[in-house]
Asker: 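Sharing a structure here in structure tokens format.
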Amino acid sequence: MSKSNQVLEEITSKEYEHGWTVNLEADEAPKGLSEDIVRFISAKKNEPEWLLEWRLKAFRQWQKMVEPKWPNVTYPAINYQDIIYYSAPKQKVKPTSLEEVDPELIKTFEKLGISLTEQKRLTGVAVDAVIDSVSVATTFKEKLSELGIIFCSFSEAVKEHPELVKKYLGSVVPMTDNYFAALNSAVFSDGSFCYIPKGVRCPMELSTYFRINAANTGQFERTLIVADEGSYVSYLEGCTAPMRDENQLHAAVVELYTMKGAEIKYSTVQNWYPGDKQGKGGIYNFVTKRGLCAGDHSKISWTQVETGSAITWKYPSCVLKGDYSVGEFYSVAVTNNYQQADTGTKMIHIGKNTRSRIVSKGISAGKSQNSYRGQVHVMKRAANARNHSQCDSLLMGDQCGAHTFPYIDVENNSARIEHEATTSKIGEDQIFYCLQRGIDEESAVALIVNGYAKEVLNQLPMEFAVEAQKLLALTLEGSVG
Amino acid sequence: MLSIKNLQAKIGEKQILNGIDLQVNAGEVHAIMGPNGSGKSTLASVLSGREDYEVSGGEVYFLGKDLLELSPEDRAREGIFMAFQYPVEIPGVSTINFMKTALNQIREYRGQQALDAVSFLQLMKEKMKLVEIDQSLLNRSLNEGFSGGEKKRNEIFQMAMLEPKLAILDETDSGLDIDALRIVANGVNKLRTKNNATIVVTHYQRLLDYIVPDYVHVLYKGKIVKSGSKELALELEAKGYDWIKSEATVA
Ligand SMILES: Nc1ncnc2c1ncn2[C@@H]1O[C@H](COP(=O)(O)OP(=O)(O)OP(=O)(O)O)[C@@H](O)[C@H]1O
Ligand SMILES: [Mg+2]
């Protein structure tokens with residue numbers, strides 16, 4: 001149809017809304033990666049000896065490893081020597097209040113819609129904002145600390161709670177887990193740390209806004225969340241990034257650790273710069289996210305809405321070690337123009353009576369490629385393991401691709417594994433039905449897509465769900481096929 | 001209200017409508033009958049602006065506006081409603097949410113404020129009663145897993161919500177049991193005013209016992225070959241279409 005072509009044209013002409021940069025006098029490491037750079041980073045951050053050793057060990061391992069080639073994505077080779085591995089906004093004295101923070105930074109937060117003062121208190125969100133690898137401000141800390149909850153930047157945790165960091169760092173994602181995790185372990189700059197003590201239900205959503213800022217700076221965030229026995233926390237991660245010409249590498253590591261009866265709900269809305277309509281620029285997002293249900297009856301739930309990045313390589317996973325532990329993965333991944341996403345999950349059943357649930361909703365538009373890759377592994381010991389997977393793909397237009405790679409590995413006969421997959425197209429019939437009721441085409445697409453993704457969006461905390469809906473609509477505006 | 005002159009339409013190379021003339025005034029009910037494949041749904045689609053069909057001739061005026069110049073959504077906003085012969089499913093979108101979106105876009109087009117949640121709910125409750133539809137159905141995904149009858153009843157509910165000036169019901173009676181037929185017809189009758197009009201496409205005289213038409217037209221091979229009063233429907237019921245077909249061929 002001529003109309004749908006014209007409409008496909010329209011998506012590509014939508015400019016990225018968060019495309020702006022902030023002039024921060026960056027305090028950078030020289031380009032490239034070597035043991036010296038690792039030492040530089042560690043020294044910059046006044047790290048203890050053990051952490052430097054840990055980084056160096058990871059670096060030496062990384063040098064022996066090769067970049068994975070199995071994901072269903074293609075991109076020009078990354079020159080790891082052409083990346084700046086450390087950059088921090090300059091701050092002479094550590095601020096004790098917001099007034100002391102660089103006003104440029106405050107402006108950045110405001111553009112992002114984050115007010116570190118009143119707004120977030122009203123919405124009940126504590127924000128630990130990360131700009132260019134260094135946490136600048138943390139709010140609500142006092143309120144949280146009354147409950148014994150630790151929520152701070154990773155660097156701060158290294159200083160204030162070294163015993164916890166030492167104990168759990170790398171306990172879920174070993175430094176040698178994969179190429180990108182090893183790289184992150186060697187050069188991670190900062191990130192977030194969270195510890196919920198025994199029996200405490202965190203009363204608010206904890207949230208971190210990531211932002212990639214200085215040109216040519218790889219981002220290597222590290223997040224570690226530990227939920228002690230019987231505790232609960234819901235954690236939100238949201239991202240935007242300014243427009244860039246060069247591709248920016250991002251290789252984060254997120255580790256979640258739940259003890260007996262504990263639960264972590266981890267939600268992400270990812271909206272990094274996806275590249276322009278020719279496929280130029282955009283973020284390379286190679287993330288390792290994993291949760292370990294260490295204790296019996298513990299639960300980890302991942303929810304993600306992925307709309308950004310040029311390339312996404314991401315498999316939030318659950319290792320269900322405790323008996324009766326539960327892992328969940330809810331995902332909406334949208335690709336448009338030349339974006340490529342290879343995302344999914346791994347559910348590793350080790351304990352008895354473990355259960356997992358996977359709901360993956362892929363949406364492809366433009367010339368994009370969207371792959372779901374999921375593994376369900378039931379180990380010998382895992383009697384009565386249960387898994388239910390549902391992988392749906394929605395296609396818009398006829399130049400995009402959707403692929404599903406489910407891997408199922410069962411070593412225990414009592415396991416029950418169910419896998420369902422569907423592929424559908426947004427039908428002209430559906431669109432016309434909406435038009436006939438007076439709904440314009442863009443709203444119709446938004447309505448249909450949000451309906452399709454509802455099961456996942458419903459998992460998000462309220463204010464995040466609204467943001468995610470808007471984002472889906474924005475990403476797909478006009479893409480009818 | 002609606003004035004169709006010599007309307008011709010085709011899909012690809014296939015000519016389907018071959019010069020339709022039809023005049024519908026406010027307050028009237030017109031029934032369109034005719035054998036399968038004669039072009040009844042096509043006419044409804046062309047009027048509502050489906051773009052698969054290419055209008056190859058003729059003109060259509062609706063309330064003084066050139067209908068064919070309007071986009072499908074603007075036609076709806078001007079007051080045209082079509083109850084689909086085969087309503088489509090929209091997973092994850094409830095009828096309530098769908099109606100809220102539709103109603104507010106229509107209101108915006110007309111320069112009215114969006115309905116607040118309370119007024120919307122009130123309106124919905126009122127219309128639910130009118131077409132005897134259960135709220136549980138309206139909370140479910142639109143048409144997904146609905147029975148044939150439920151889909152049709154839901155269409156009439158939507159029509160009640162949007163209060164169109166011209167409603168086109170495409171075989172809304174098919175798939176309905178006797179009770180549902182009565183309920184749907186009652187709903188349509190209650191919505192009738194002297195300011196709106198209805199075009200009823202049907203194969204069965206039965207519906208016309210409930211929704212009594214002012215005019216009956218027979219469509220055959222993309223043309224209206226006979227028009228008459230409601231007695232024509234009775235005649236068709238008794239004699240079938242053959243006599244009309246031969247009449248049409250002779251003429
Ligand atoms: N998309 C299409 N492609 C090709 N032919 C079509 C298409 N849509 C309709 N037609 C043809 O146009 C003619 C009229 O179809 P239409 O659906 O309008 O008939 P109808 O009068 O509504 O029939 P019924 O009583 O069976 O509902 C039929 O021959 C049909 O096959
Ligand atoms: Mg028909």
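Naming convention: chains lettered A, B, ... in sequence-line order (proteins, then strands); numbering from 1 in each chain.
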Asker: What part of B/Pro164 gets closer than 4.5 Å to chain A, counting heavy atoms only: side chain, backbone, both or neither?
Answerer: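 Neither part.
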Asker: Inspect the surroundings of NZ in B/Lys5 and state if more than 12 heavy atoms from other residues, nucleotides or ligands are less than 6.0 Å away.
Answerer: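 No - once you tally the heavy atoms of other residues, nucleotides and ligands closer than 6.0 Å, there are 12 at most.
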Asker: How long is the gap from CD on B/Glu155 to CZ on A/Arg437, to the nearest 0.5 Å?
Answerer: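 Here the interatomic distance stands at 4.5 Å.
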Asker: State whether the side chain of A/Gln436 and the backbone N or O of B/Glu73 hold a donor-acceptor pair below 3.5 Å, judged by distance alone.
Answerer: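 Absent.
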Asker: Calculate, to the nearest 0.5 Å, the distance between atoms NZ and OG belonging to A/Lys454 and B/Ser141 respectively.
Answerer: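 A/Lys454 atom NZ to B/Ser141 atom OG measures 5.5 Å (nearest 0.5 Å).
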Asker: Between A/Gly438 and B/Ala76, which heavy-atom pair has the shortest distance, and what is it?
Answerer: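 Closest heavy-atom pair between A/Gly438 and B/Ala76: N-CB, 3.3 Å.
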Asker: Roughly how far, to the nearest 0.5 Å, is the CD1 atom of A/Ile439 from the NZ atom of B/Lys100?
Answerer: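 It is 12.5 Å, given to the nearest 0.5 Å.
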Asker: Where do A/Asp429 and B/Arg50 come nearest, in terms of heavy atoms and distance?
Answerer: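 That closest heavy-atom pairing would be OD1-NH2, 2.6 Å.
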Asker: Answer yes if the ring centres of A/Tyr433 and B/Phe98 are under 6.0 angstrom apart, and no otherwise.
Answerer: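 Here the rings of B/Phe98 and A/Tyr433 have centres that are less than 6.0 Å from each other.
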Asker: Looking at A/Lys346, I'd like to know if its NZ atom is crowded, meaning that more than 12 non-hydrogen atoms belonging to other residues, nucleotides or ligands lie closer than 6.0 Å.
Answerer: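 For A/Lys346, atom NZ is not crowded (no more than 12 foreign heavy atoms under 6.0 Å).
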Asker: Please state whether the side chain, the backbone, both or neither of B/Ile90 comes within less than 4.5 Å of a heavy atom of chain A.
Answerer: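 Answer is both: backbone and side chain atoms of B/Ile90 are under 4.5 Å from chain A.
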Asker: Mind checking whether B/Ser45 and A/Phe432 have side chains closer than 4.5 Å, heavy atoms only?
Answerer: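 A side-chain contact is absent here, since even the closest heavy-atom pair is not under 4.5 Å.
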Asker: Can you confirm whether A/Ile448 sits close enough to B/Val93 that some side-chain heavy atom of one is under 4.5 Å from a side-chain heavy atom of the other?
Answerer: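 The answer is no; the side chains never approach within 4.5 Å.
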Asker: Answer whether the closest heavy-atom distance between the side chains of B/Pro91 and A/Glu455 falls below 4.5 Å.
Answerer: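 With C-beta onward as the side chain, the pair stays apart.
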Asker: Report yes if some heavy atom in the side chain of B/Glu108 is under 4.5 Å from a heavy atom in the side chain of A/Asp440; otherwise report no.
Answerer: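 With C-beta onward as the side chain, the pair stays apart.
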Asker: When you look at CZ of B/Arg77, are more than 12 heavy atoms from neighbouring residues, nucleotides or ligands closer to it than 6.0 Å?
Answerer: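 Buried by this count: over 12 neighbours within 6.0 Å.
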Asker: Chain A heavy atoms under 4.5 Å from B/Ile80: which part of the residue, side chain, backbone, both or neither?
Answerer: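 Answer is both: backbone and side chain atoms of B/Ile80 are under 4.5 Å from chain A.
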Asker: Could you tell me the separation between the SG atom of A/Cys434 and the CG atom of B/Leu142, rounded to the nearest 0.5 Å?
Answerer: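 Output value for this atom pair is 8.0 Å.
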Asker: Heavy-atom cut-off 4.5 Å, strictly under: side chain, backbone, both or neither for B/Glu89 against chain A?
Answerer: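 Contact with chain A involves the backbone of B/Glu89 alone.
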Asker: Is chain A contacted by the side chain of B/Arg75, its backbone, both, or neither, given a heavy-atom distance below 4.5 Å?
Answerer: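 Neither the backbone nor the side chain of B/Arg75 comes within 4.5 Å of chain A.
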Asker: Using a cut-off of 6.0 Å, state whether more than 12 heavy atoms not belonging to A/Arg416 lie near its atom CZ.
Answerer: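 Atom CZ in A/Arg416 is not packed in, count stays at 12 or less.
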